[in-house]
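Scroll down for the structure; my scribbles are underneath it.
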2 protein chains.
Amino acid sequence: MDSKTKSRYEAKAKIIKAMSHPTRLFIVDELSRSERCVCELTEMVGDDMSTVSKHLSVLKNAGIVWDEKRGTQVFYSLRVPCVLRFFSCVESVLKTNAKEQASLVR
Amino acid sequence: MDSKTKSRYEAKAKIIKAMSHPTRLFIVDELSRSERCVCELTEMVGDDMSTVSKHLSVLKNAGIVWDEKRGTQVFYSLRVPCVLRFFSCVESVLKTNAKEQASLVR
DNA sequence: TTTCTATTTTGCCAAATAGCCAAGGACGGT
DNA sequence: ACCGTCCTTGGCTATTTGGCAAAATAGAAA
């Protein structure tokens, strides 16, 4: 594998990696409904605000979300809605796995 | 967030996480074309066979690939083709990011 | 200006991950 | 049976990640 191809896969992996944490997945899901400030997300997630802020910076760094400061708050919103398509596939993987589980028990 | 919802996000994150490594991304891409034995993938990836084998077990564990032993070789193939949809979205994120980069330079 | 509130950054620690090597198991060929 | 090949597992180390708490920053309001 040449280095150009390799760095391309690395760039792609970085974006997927940004989606690979339960809290960040929740945040993306939530932002698909409407924009949210850090304090709202912190409230919903239930972790320390600094932790949530870090998760948001990972998502921002990957280019998945946007942030806009308004007054004293920072609002985040989804920049690339296509990531929502991940969900339906992931659901179907889970369903397929569950089916397999069931057939093993039988 | 109740614990049921939480564990659901954890399960989803696990699947995405399995896709979040450049080598594993490459493998999935490759398996979308045809099944491959570990030795072929090892050859293509260029890492130690044990490393590739471990990556494959992560993918298998997430339910993304299948394995079948035939003779002395183990062939892996894609179990859930919908993961390929990740690629097009990731490409578009990269493109969007590149555009933004360009407009900042301007 | 000072104070308050929302957010980010930093430091630190524990846990998870990725890689290589060595060892071991399974199978086919001789 | 023995050997060689293919693959997986365990052990080790280096690196990354996730979380909290404390300190720093930015803007609003007083």
Side-chain angles (χ1 to χ4, degrees), chain A residues 1 3 6-7 9-28 30-31 34-77, chain B residues 1 3 6-7 9-28 30-31 34-77:
Chain A
M1 188 158 30
S3 75
K6 197 175 163 189
S7 68
Y9 276 108
E10 278 164 7
K12 293 181 193 179
K14 188 190 157 198
I15 293 168
I16 298 181
K17 194 169 192 171
M19 299 276 296
S20 75
H21 187 283
T23 300
R24 295 198 290 267
L25 217 47
F26 169 82
I27 289 174
V28 167
E30 193 51 41
L31 294 183
S34 73
E35 61 167 25
R36 294 287 190 188
C37 66
V38 181
C39 54
E40 288 173 315
L41 292 169
T42 298
E43 168 80 27
M44 292 185 237
V45 168
D47 283 347
D48 196 279
M49 186 182 273
S50 66
T51 301
V52 173
S53 174
K54 222 185 251 181
H55 283 310
L56 286 165
S57 82
V58 171
L59 288 170
K60 182 183 168 183
N61 209 258
I64 295 171
V65 302
W66 246 113
D67 66 328
E68 191 186 348
K69 186 155 195 172
R70 290 209 291 279
T72 163
Q73 295 175 315
V74 178
F75 286 87
Y76 281 82
S77 50
Chain B
M1 186 157 30
S3 75
K6 197 174 162 190
S7 69
Y9 276 109
E10 278 164 7
K12 292 182 194 179
K14 188 190 157 196
I15 293 169
I16 298 181
K17 193 169 191 171
M19 298 275 296
S20 74
H21 187 284
T23 300
R24 295 198 291 265
L25 217 46
F26 169 82
I27 289 173
V28 168
E30 192 52 40
L31 295 183
S34 73
E35 61 167 25
R36 294 287 188 188
C37 66
V38 181
C39 54
E40 287 173 315
L41 291 169
T42 298
E43 168 80 28
M44 293 186 237
V45 167
D47 283 347
D48 195 277
M49 185 182 274
S50 67
T51 302
V52 174
S53 174
K54 264 175 204 174
H55 282 310
L56 285 165
S57 84
V58 170
L59 288 169
K60 181 182 168 184
N61 209 258
I64 295 171
V65 302
W66 245 113
D67 66 328
E68 190 186 351
K69 184 157 194 171
R70 291 209 291 277
T72 164
Q73 296 175 314
V74 178
F75 287 87
Y76 281 84
S77 50

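Each chain gets a letter, A, B and so on, in the order its sequence line appears, and its residues count up from 1. Note that the structure is a prediction, hence the values are computed from the model and not measured.
Contact annotation: the side chain of A:Gln73 approaches that of A:Phe75 to within less than 4.5 Å [non-hydrogen atoms, C-beta and beyond]. In this structure the side chain of B:Thr23 reaches within 4.5 angstrom of the side chain of B:Asp47, judged on heavy atoms. Looking at heavy atoms from C-beta onward, B:Val45 lies out of side-chain contact with B:Glu30 at the 4.5 angstrom threshold.
The side chain of A:Cys39 sits closest to C:dT7 out of D:dC7, C:dG19, C:dT7. When distances are taken from the side chain of A:Val74 to each of C:dG19, D:dG19, C:dT8, the shortest belongs to C:dT8.
Between B:Tyr76 and the phosphate of D:dT8, there is a side-chain N or O to OP1/OP2 separation shorter than 4.0 Å. Phosphate proximity of C:dT17 to B:His55: absent, as no side-chain N or O sits under 4.0 Å from OP1 or OP2. Between A:Arg70 and C:dA6, a side-chain N or O to OP1/OP2 separation shorter than 4.0 Å is absent. Applying the 4.0 Å criterion to OP1 and OP2 of D:dT16, one finds that A:Lys17 has every side-chain N and O outside that range.
Relative orientation of the A:Phe26 and B:Tyr9 rings is perpendicular, given thresholds of 30° and 60° on the angle between their planes.
Atom CG of A:Leu59 is separated from atom P of D:dT17 by 14 Å (rounded to the nearest Å). B:Glu68 places its CD atom 13 Å from the P atom of D:dC7, with the value rounded to the nearest Å. If you measure from atom CG of A:Leu56 to atom C1' of D:dG19, you get 15 Å, rounded to the nearest angstrom. Rounded to whole angstrom, the span from the CG atom of A:Leu25 across to the C1' atom of D:dG18 amounts to 16 Å. Separating the CD atom of B:Glu10 from the P atom of C:dA16 is a distance of 12 Å, rounded to the nearest angstrom. Following rounding to the nearest Å, B:Asn61 (CG) and D:dT9 (P) show an atom-to-atom distance of 11 Å. Straight-line distance from the NE2 atom of B:His21 to the P atom of C:dA18: 5 Å, rounded to whole Å. Separating the NZ atom of B:Lys69 from the P atom of C:dA26 is a distance of 8 Å, rounded to the nearest angstrom.
For the pair A:Gly71 and A:Thr23, nearest-nucleotide mapping onto DNA chain D gives the more 5' position to A:Thr23.
Under 3.5 Å, the side chain of B:Lys54 and the base of D:dG11 form at least one donor-acceptor pair of N or O atoms.
The two residues B:Ser20 and A:Lys17 come nearest to each other via the heavy atoms CB-CA, 3.5 Å. Taking all atoms of both residues into account, the shortest heavy-atom contact from B:Leu25 to A:Ala13 is CD2-N, 3.5 Å.
Near DNA chain D, meaning a heavy atom under 4.0 Å from it, residues 43-53 of chain A has A:Asp47, A:Asp48, A:Ser50, A:Thr51 in order of number.
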Test log, rule side chain to side chain contact (heavy atoms under 4.5 Å, CB included), inputs A:His55 and A:Thr51: CA-CA 6 Å; A:His55 283 310; A:Thr51 301; 3.9 Å; yes
